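Written out below as structure tokens is the structure these notes cover.
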Amino acid sequence: MDPISVNRERRVIVLGTGGTIAGRASAASDNIGYTAGEVGVADLLQGIGAPPGIGLEAEQVSQVDSKDMGFAIWRTLAQRCAHWLAEPDVAGIVITHGTDTLEETAFFLQSVLAPSKPVVLTCAMRPASALAPDGPQNVRDAIVVAATPQACGVVAVCAGTVHGALEVRKVHTYRLDAFDSGDAGPLAYVEEGAVRQLRCWPAADPAARTVFDRIADAATWPRVEILASHAEARGTLVDALLEERRRGAVEPVQGIVLAATGNGTLHHALEAAALRAQAEGVAVVRATRCAEGRILPRPGQSLRDAGTLSPVKARIALMLELLVAGPAA
Ligand code: SIN
């Protein structure tokens with residue numbers, strides 16, 4: 001851990017996980033040909049400054065390109081957040097993260113912590129070595145949110161906009177303002193060091209502790225796969241997963257999320273295979289491929305739906321649900 005400054009009234013802890021925000025390219029003009037996760041989190045804080053009465057501390061949790069995010073890092077991250085949130089003088093936490101799976105980590109942390117203090121993920125679309133990097137302002141804005149006394153829950157801050165963990169989604173491959181909250185809209189804006197709140201913060205929920213304890217204990221986490229419905233979709237991938245289960249695979253599939261069309265509809269061949277999987281004890285959930293809206297329930301549906309959750313978030317929700325439920329009898 002690299003202490004940046006201590007002995008202030010309240011602390012904001014900045015946890016580094018890697019990403020473009022910590023990326024370095026060989027030329028300052030290169031915004032895409034860089035290696036993610038190269039610059040240490042303490043270095044990312046140089047020159048950022050903190051709001052009055054706030055001290056910053058940095059801790060490197062991992063140093064990865066977030067496309068390679070995995071359960072081991074998630075578990076450590078959740079544990080480090082829980083540790084710091086329990087410190088009375090810690091106002092909140094900032095997590096520097098790659099943009100590519102930021103929404104998954106945010107949803108995961110909200111599911112297992114549902115904290116009464118803010119946990120703020122932030123990122124950058126340009127590497128730290130860029131002519132005009134976007135990371136420093138994003139970090140500064142994230143610190144402001146983490147130090148806000150009324151704030152709570154897991155949120156993401158990018159390009160001056162605060163998104164809730166449940167809604168946040170990466171929607172652009174290149175633009176600096178790469179995230180969106182869909183129908184729900186942003187939770188707040190950060191303007192010149194002040195938070196302008198538009199909606200409620202994600203709710204604190206002590207029941208999340210049960211999920212946290214399960215992720216800490218579990219030797220392995222349930223395998224949940226995502227399969228998409230599309231024109232000419234087939235059931236062969238579902239059948240291959242079922243065959244693996246029947247043959248006693250070490251990590252058999254326990255859940256399948258179907259990235260469904262529109263209001264949760266499936267190609268008939270995929271649907272038939274999914275029903276076979278459900279009959280064999282695999283948990284199956286439909287989540288819409290649409291970027292906005294939710295699946296509106298219709299009578300007579302044999303496969304349950306994920307409501308507003310995107311396929312990647314529905315996968316995390318199902319994995320945690322299976323983990324808490326434990327092995328089927
Ligand atoms: C990553 O997700 O780690 C790389 C891409 C990014 O941060 O924009």
Side-chain angles (χ1 to χ4, degrees), residues 67-72 74-75 100-101 103-108 110-112 166 169 182 208 210-211 214-215 217-329:
K67 70 181 174 54
D68 298 324
M69 188 51 67
F71 296 158
W74 275 358
R75 186 191 334 238
D100 286 343
T101 58
E103 68 212 60
E104 295 179 55
T105 300
F107 182 78
F108 168 75
Q110 177 62 22
S111 303
V112 303
L166 301 189
R169 189 167 185 155
T210 315
V211 194
R214 288 295 293 129
I215 61 149
D217 294 347
T220 56
W221 295 8
R223 178 173 164 203
V224 177
E225 298 285 352
I226 301 175
L227 299 174
S229 188
H230 48 78
E232 195 60 34
R234 300 178 183 197
T236 42
L237 290 176
V238 175
D239 288 330
L241 290 169
L242 292 180
E243 189 51 33
E244 233 186 46
R245 260 170 78 91
R246 290 186 206 114
R247 288 182 186 201
V250 183
E251 272 190 85
V253 72
Q254 293 185 44
I256 297 175
V257 171
L258 299 168
T261 37
N263 190 31
T265 53
L266 299 168
H267 188 288
H268 67 83
L270 181 61
E271 183 167 26
L275 288 168
R276 287 197 291 280
Q278 188 166 258
E280 289 194 29
V282 177
V284 182
V285 171
R286 293 173 295 125
T288 182
R289 291 180 355 182
C290 292
E292 301 205 359
R294 66 183 173 106
I295 298 182
L296 292 151
R298 288 181 298 145
Q301 291 295 305
S302 308
L303 298 169
R304 66 190 167 123
D305 72 73
T308 57
L309 295 183
S310 63
V312 290
K313 290 182 183 176
R315 174 179 170 272
I316 295 166
L318 184 55
M319 183 189 72
L320 294 175
E321 179 187 306
L322 291 165
L323 198 55
V324 169

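The figures that follow rest on heavy atoms only: side chains count, while hydrogens, waters and symmetry mates do not. If you're wondering where the values come from, they're calculated on a predicted model, not measured in any experiment.
Put simply, CG on Leu320 and OG1 on Thr210 are 11.5 Å apart, with the number rounded to the nearest 0.5 Å. The distance from atom CG of Leu322 to atom CG of Leu318, rounded to the nearest 0.5 Å, is 4.5 Å. The structure places CE of Met319 at 6.0 Å from CZ of Phe108, a figure rounded to the nearest 0.5 Å. Separating the CG atom in Asp239 from the CZ atom in Arg234 is a distance of 12.5 Å, to the nearest 0.5 Å. Of the inter-residue distances, the one linking Leu237 atom CG with Leu242 atom CG reads 11.0 Å to the nearest 0.5 angstrom.
A side-chain donor-acceptor contact under 3.5 Å links Asn263 to the backbone of Leu296. Without hydrogens or angle criteria, Lys313 side chain to Leu166 main chain gives a donor-acceptor distance under 3.5 Å. Under the 3.5 Å distance criterion, the side-chain polar atoms of Glu251 are left unmatched by any main-chain donor or acceptor of Pro222. The backbone N or O of Ile226 sits nowhere less than 3.5 Å from a side-chain atom of Arg315 that would complete a donor-acceptor pair. Panel note: side chain Thr288, backbone Gly262; a donor-acceptor pair is recorded below 3.5 Å. With hydrogens and angles ignored, the 3.5 Å screen pairs no side-chain donor or acceptor of Arg286 with any backbone N or O of Leu258. Proximity of a side-chain donor or acceptor of Arg75 to a complementary backbone N or O of Ile215 within less than 3.5 Å is detected.
A heavy-atom distance below 4.5 Å is found between the side chains of Leu241 and Leu227. Side chains of Arg289 and Thr261 form a contact here, defined as non-hydrogen atoms less than 4.5 Å apart. Looking only at side-chain heavy atoms (C-beta outward), Gln278 and Leu303 come within less than 4.5 Å of each other. Considering only heavy atoms from C-beta on, Arg247 stays 4.5 Å or farther from Glu244 through its side chain. Residues Thr265 and Ser229 fail the side-chain proximity criterion, which asks for heavy atoms closer than 4.5 Å.
Considering all non-hydrogen atoms of both residues, Glu103 and Val312 come closest at OE2-CG2, 4.0 Å. Residues Ala233 and Ala269 approach most closely at O-CB, 3.7 Å, considering heavy atoms. Heavy-atom minimum distance, Val285 versus Ala306: CG1-CB, 3.7 Å. Closest of all the heavy-atom pairs between Leu270 and Ala228 is CD2-O, 3.8 Å. When all heavy atoms are compared, the tightest approach of Val284 to Ala274 is CG2-O, 3.8 Å.
Under a cut-off of 6.0 angstrom, the local environment of CZ in Arg246 is crowded, with over 12 non-hydrogen atoms contributed by other residues, nucleotides or ligands.
Note on Glu243 versus Arg245: no salt bridge recorded, every NZ/NE/NH1/NH2 to OD/OE distance being 4.0 Å or above. Of the charged side-chain nitrogens involved, none lies within less than 4.0 Å of a carboxylate oxygen, so that Arg276 and Glu280 do not count as a salt-bridged pair.
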Checklist entry - Going through the checks in order, is the side-chain contact (heavy atoms from CB on, under 4.5 Å) test met by Arg223 and Gln254? => result CA-CA 6 Å; Arg223 178 173 164 203; Gln254 293 185 44; 5.6 Å; no
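Evaluation of the salt bridge (Lys or Arg N to Asp or Glu O under 4.0 Å) test over residues 299-308, restricted to residues two or more places apart or in two chains, returns Arg304-Glu321.
Partners of Thr105 according to the side-chain hydrogen bond (donor to acceptor under 3.5 Å, both in side chains) rule, which considers only residues two or more places apart in sequence or in another chain, are Trp74, His97.
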